[in-house]
Amino acid sequence: MNSLAKPIRYANPRSPRLSSRTRRTNLVVKSAIDVKGILGTEATKNPTLSTSYRPLDIPTPNRTVLEAQQRVCTGPEQTRPLDQAQTMAVLDTIVRSARGELKGEEPVSQAQLGAFFAGMTIRANAFPEATQWSSGERAAMQAFWPELAHSLPPEIIFLADPEGTIMGSSLGPVYSGGNGGPGEMRLVGALREILAGAHLGYEEVQGVLRDVLPLEKESEKERRKVREALLAAFLIGQRMNRETDRELKAYCLAFDDELGPPPVADVRSLTHYGEPYDGNTRFFKSTLFVAAVRACYGESCLLHGVEWMPPKGGITEGQLLKFMGANTQLSPDQAKRLLEDESVGFAYVNLKEASPSLFSLVGLREHIKKRPPLATSEKVQQFVRARGKEAIVAGFYHVGYEDPLLMLMKRRSVHSGLVVKGEEGALSMTTKAKSENASKGLPVNHCSGFRSPYSVFSSEIDGISRENFSTVVNAQDYGFEPSDTPRTDRSVARNIELGLAALDGEKGPAYDRIVLNAGMVDHLLGCSGADDVKSALDRARAAIDSGEALKRLMNFIKLSHKV
């Protein structure tokens with residue numbers, strides 16, 4: 001237990017002496033006091049905002065280059081070429097930064113250089129004509145190349161012209177890495193394929209990742225295992241090339257054994273929740289409160305993530321729990337004990353404790369700007385296993401990632417899997433009425449997956465019988481009144497207030513979303529007692545209205561300091 005921690009004593013949240021709003025406010029205020037008492041000087045300056053949770057030891061990226069990365073370090077159809085003036089401004093910033101002459105801006109990091117030039121090279125070598133270099137980009141690169149070649153280190157010249165076919169470089173074709181050893185040489189060999197728009201094998205991706213991670217900080221070693229520019233180019237390059245199933249499997253499984261075999265919880269059912277690690281910036285985030293509800297009737301839930309993650313840097317389960325005073329640094333073994341505790345039944349695991357290698361990339365991920373393949377594979381982790389049935393639920397936004405996610409879930413040999421296009425690409429289905437001006441692609445509340453069959457029509461994979469399904473959940477079909485999703489706008493306290501009010505029985509949009517997401521997930525995963533949607537929703541309401549769900553959330557906060 002943290003030596004700074006103090007016992008947390010909450011007033012009875014169901015006390016009839018207090019109004020619902022007073023009870024809720026007292027809980028939020030008490031949580032803020034407790035988290036400061038527990039964390040001491042480590043408490044953030046303003047823990048009510050998601051932006052306050054950004055680690056202070058991560059350098060800030062250069063804004064000019066970061067904005068360019070947002071345009072050119074993306075997919076074959078999404079890339080927006082720069083004009084000549086924009087490219088000249090970016091390259092001028094890079095040259096002045098390399099010479100130490102940049103004033104009034106953050107220096108351009110090595111990771112930014114790696115991502116930017118890898119993106120430019122892949123576009124030149126492999127993208128369709130519409131997203132290749134514009135005439136302005138070509139003119140600017142020709143004008144600046146002598147200065148770039150003189151000012152930048154060899155690894156950046158290699159990334160900008162690996163085969164000497166773009167700018168006529170003689171260095172790129174012979175570059176084999178610096179003094180980073182065999183791991184860096186393997187990475188350079190893989191990059192030659194990636195920069196040409198090609199794909200890698202399963203073992204090749206895993207070998208690179210295991211060679212170079214964890215990414216160590218300069219202050220913790222005498223010599224880097226790998227240059228950040230090369231690793232940044234590797235991560236963004238694979239995403240730009242649209243990673244294959246075998247590449248995604250390599251990212252997903254590469255560090256399963258980092259801390260040894262995962263602990264096995266003695267529970268009959270366990271759902272792993274794969275929320276996007278970078279959180280929500282606009283709307284109410286319901287998953288933590290859904291987990292407390294589902295735990296009430298034996299559907300144990302494991303949440304996992306980080307406190308803060310780019311590019312969105314939004315509200316995460318780690319922030320919500322930390323602000324309420326919970327211990328968010330639980331090991332998988334400690335999480336197992338809370339899953340087995342009959343008064344709790346759910347848990348949260350921080351990536352820092354579960355996979356230090358993957359956690360070491362948080363800072364670099366801010367500097368590459370766009371989401372790497374890890375943003376998909378990290379949703380499908382099993383940091384604790386179960387003796388009973390297991391399921392994985394993951395959120396997605398971009399069309400095309402639902403099938404790879406389900407593929408990874410089947411590779412995990414779980415009994416049921418579900419992908420949800422919730423609001424902001426998270427897991428939260430909405431009760432909002434369908435808009436006539438809905439965005440193209442799959443609609444919000446689209447769900448697809450597989451489950452242990454209700455019927456005999458099924459297929460077997462890895463010895464597990466499954467049936468596939470795909471549907472769009474219309475909340476109005478199940479008696480919910482249409483309602484706009486509550487805005488939180490990065491306010492951790494507001495998200496907690498909405499969630500606690502709902503678990504305290506206050507009816508409204510937040511309450512409806514918790515009920516909808518708990519009941520529909522039970523039904524779609526084929527959970528016991530949830531064959532009928534109405535029965536599943538009624539069971540979720542009963543867990544809230546009895547006060548049991550709120551009680552379990554409070555128990556988690558207290559017991560997380562005692563396991």
Side-chain angles (χ1 to χ4, degrees), residues 1-8 31-45 47-48 50 52-58 213-217 220 255 258-260 262-263 265 272-275 277-279 285 287-288 291-292 300-310 313-341 344-363 365 378 381-385 492 495-496 552-563:
M1 181 174 176
N2 191 316
S3 61
L4 295 175
K6 301 175 182 178
I8 302 175
S31 299
I33 294 172
D34 285 334
V35 76
K36 290 175 183 176
I38 292 166
L39 298 176
T41 58
E42 296 180 7
T44 52
K45 292 180 180 179
T48 65
S50 63
S52 300
Y53 290 83
R54 181 186 185 277
L56 299 178
D57 60 347
I58 297 179
L213 296 180
L215 185 63
E216 299 167 331
K217 297 180 180 179
E220 296 174 351
F255 295 100
E258 182 172 9
L259 301 180
H272 304 265
Y273 274 90
E275 282 277 16
Y277 275 21
D278 60 353
K285 189 174 182 61
T287 299
L288 172 62
S300 302
C301 302
L302 183 66
L303 313 177
H304 55 89
V306 293
E307 198 167 283
W308 179 89
M309 177 70 81
I315 296 172
T316 64
E317 282 75 24
Q319 292 174 15
L320 298 176
L321 287 167
K322 183 174 181 178
F323 187 79
M324 287 192 285
N327 176 8
T328 57
Q329 304 300 321
L330 299 174
S331 69
D333 282 307
Q334 291 168 325
K336 165 190 174 293
R337 292 165 62 183
L338 289 170
L339 290 169
E340 294 173 338
D341 192 309
V344 182
F346 73 95
Y348 168 81
V349 172
N350 192 312
L351 187 68
K352 183 177 182 179
E353 307 301 323
S355 182
S357 289
L358 296 179
F359 182 80
S360 73
L361 289 171
V362 173
R365 287 171 67 168
E378 65 200 5
Q381 297 300 317
Q382 292 171 294
F383 296 126
V384 179
R385 301 299 305 272
V492 178
N495 204 107
I496 291 171
R552 284 177 180 264
L553 178 56
M554 295 299 107
N555 286 342
F556 175 86
I557 293 170
K558 290 183 286 186
L559 295 178
S560 66
H561 295 282
K562 298 180 180 180
V563 290

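Below, all heavy atoms of this structure are taken into account, side chains as well, without hydrogens, waters or symmetry copies. Count residues from 1 along the sequence.
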To check you understand the geometry: which heavy-atom pair defines the closest contact between [X] and [Y], and what is its length?
X: Leu339; Y: Ser300; result: O-OG, 4.1 Å
X: Pro55; Y: Trp308; result: CD-CE3, 3.5 Å
X: Val362; Y: Pro310; result: O-CG, 3.8 Å
X: Phe383; Y: Pro332; result: O-CB, 3.4 Å
X: Gly318; Y: Thr328; result: O-CG2, 3.6 Å
X: Val384; Y: Ala335; result: CG2-CB, 4.4 Å

Is the shortest side-chain heavy-atom distance between [X] and [Y] below 4.5 Å?
X: Tyr53; Y: Thr316; value: no
X: Arg337; Y: Asp333; value: no
X: Leu330; Y: Glu353; value: no
X: Val344; Y: Phe346; value: yes
X: Ser50; Y: Gln319; value: yes
X: Phe323; Y: Thr48; value: yes
X: Gln334; Y: Gln329; value: no
X: Ser331; Y: Leu259; value: no

Roughly how far apart are [X] [atom1] and [Y] [atom2], rounded to 0.5 Å?
X: Thr287; Y: Lys285; atom1: OG1; atom2: NZ; result: 5.5 Å
X: Phe255; Y: Gln381; atom1: CZ; atom2: CD; result: 10.5 Å
X: Leu559; Y: Asp341; atom1: CG; atom2: CG; result: 5.5 Å
X: Glu275; Y: Leu288; atom1: CD; atom2: CG; result: 10.0 Å
X: His272; Y: Leu302; atom1: NE2; atom2: CG; result: 6.5 Å
X: Leu215; Y: Leu358; atom1: CG; atom2: CG; result: 12.0 Å

| message | side-chain contact (heavy atoms from CB on, under 4.5 Å) for Asp278 and Arg365? Distances and angles first, verdict last. | response | CA-CA 11 Å; Asp278 60 353; Arg365 287 171 67 168; over 6 Å; no

| field | Glu258-Ser355 side chain donor-acceptor pair, cut-off 3.5 Å | value |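 Side chains of Glu258 and Ser355: pair found under 3.5 Å.
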
| task | Would you confirm whether Ser560, through its side chain, and Asn327, through its main-chain N or O, come within 3.5 Å as a donor-acceptor pair? | result |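 Answer holds: yes.
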
| Does the pair Glu307/Lys352 count as a salt bridge with the N-to-O cut at 4.0 Å? |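 The answer is no: the pair does not qualify as a salt bridge.
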
| query | Do His304 and Tyr277 pass the ring pair (Phe, Tyr, Trp, His ring centres under 6.0 Å) test, and can you show the C-alpha distance, the side-chain angles, and the key distance before you say yes or no? | reply | CA-CA 8 Å; His304 55 89; Tyr277 275 21; 5.7 Å; yes

